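Notes follow the structure.
All values derive from a computational prediction rather than experimental measurement. Note that ligands are numbered from 1 as they come in the structure, with each ligand's atoms numbered from 1 the same way. All values below come from the heavy atoms of this structure, side chains included, with hydrogens, waters and symmetry mates left out.
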Amino acid sequence: MFDLLGTNLSSRLLLGTAQYPSPAILADAVKAARTSVVTVSLRREMAGGRAGEQFWSLIRSLGVKILPNTAGCHSVKEAVTTAKMAREVFGTNWIKLEVIGNHDTLQPDVFGLIEAARILCEDGFAVFPYTTDDLVVAERLLGAGCKVLMPWCAPIGSALGPINIMALRSMRGHFPGVPLIVDAGLGRPSHAATVMELGFDAVLLNTAVAKAADPVCMARAFGKAVEAGREAFCSGMIEPRDVAVPSTPTIGRAVFS
Ligand SMILES: CC(=O)[C@@H](O)[C@H](O)COP(=O)(O)O
């Protein structure tokens with residue numbers, strides 16, 4: 001069990017719900033991954049009108065915790081308004097806060113993010129900020145009232161995986177008691193295992209599963225990788241060495257007769 005802000009979760013894999021080939025495949029992928037949290041974009045689905053209402057019914061029927069997000073918001077005002085609407089629609093104070101600052105990289109506007117986080121935390125939200133791996137920004141977000149951080153490992157949808165391992169390691173080391181969820185840029189199950197081995201608490205991903213040739217199978221693979229990475233982290237991995245160390249006994253000789 002994973003205690004995230006007082007909620008017991010059976011999985012450390014959080015899944016996005018966009019871009020799947022069909023609603024049925026999305027539902028099967030969520031089950032195969034054994035995820036217990038899905039994130040939903042209020043803006044994107046609202047744009048769908050009646051289709052949006054059907055989509056929300058499907059999400060509710062999955063029986064998992066919903067983490068609404070402010071994907072597509074480019075200003076503090078938009079993000080705050082979207083968060084408040086999401087609270088009404090989904091009946092949760094959890095919000096994954098995205099304030100996008102650049103159209104090409106989809107990187108967060110960290111200044112707007114901190115401002116929006118402060119407003120929403122003061123209003124009683126549990127804010128999950130999608131941020132960079134910058135330690136100073138992380139400090140400011142915690143100062144604004146965030147109890148969890150979601151650093152990227154690469155730009156959204158890039159599938160590059162952890163491109164700055166040193167920054168992620170440093171972030172984990174600086175905030176040992178803060179739940180840290182790697183969000184965005186994962187492409188392969190091995191990427192998920194790698195960040196879990198660094199000691200991150202969970203991962204959130206979308207594109208790598210939704211756009212895979214077989215999303216259901218890929219969701220299952222990511223679920224296993226997250227578990228493997230966590231178990232490895234908790235098992236005390238050996239450190240790499242520059243020299244060979246025999247793994248078989250060096251004393252005595254094998255006797256065959
Ligand atoms: C789904 C979500 O909330 C986003 O943060 C993002 O889509 C995740 O990134 P990837 O799509 O790269 O996994």
Over 60° means perpendicular and under 30° means parallel, so classify the ring planes of Phe90 and Trp56, tilted if in between.
-> perpendicular
Does CE belonging to Met237 count more than 12 external heavy atoms closer than 6.0 Å?
-> yes
Heavy atom of Met150, distance to ligand 1 below 4.0 Å | no
Does ligand 1 have an atom that lies less than 4.0 angstrom from a heavy atom of Ala71?
-> no
Closest protein heavy atom to atom 9 (O) of ligand 1, given as residue, atom name and distance to 0.1 Å | Ala184 CA, 3.2 Å
Decide whether the shortest distance between a heavy atom of Ala208 and an atom of ligand 1 is less than 4.0 Å.
-> no
What protein heavy atom sits nearest atom 1 (C) of ligand 1, and how far away is it?
-> Asn206 OD1, 3.4 Å
Do Phe128 and Leu4 touch side chain to side chain, with heavy atoms closer than 4.5 Å?
-> yes
Which atoms of ligand 1 are found less than 4.0 Å from any heavy atom of Leu205?
-> 13 (O)
Thr82, Asp123, Asn93 screened by side chain to side chain donor-acceptor pair (under 3.5 Å) with Arg87, the one that passes | Asp123
Ile119-Val127 co-clustered via ILVMFWY side chain contacts under 4.5 Å = yes
Side chain, backbone, both or neither: which part of Thr17 comes within less than 4.0 Å of ligand 1 when only heavy atoms are counted?
-> neither
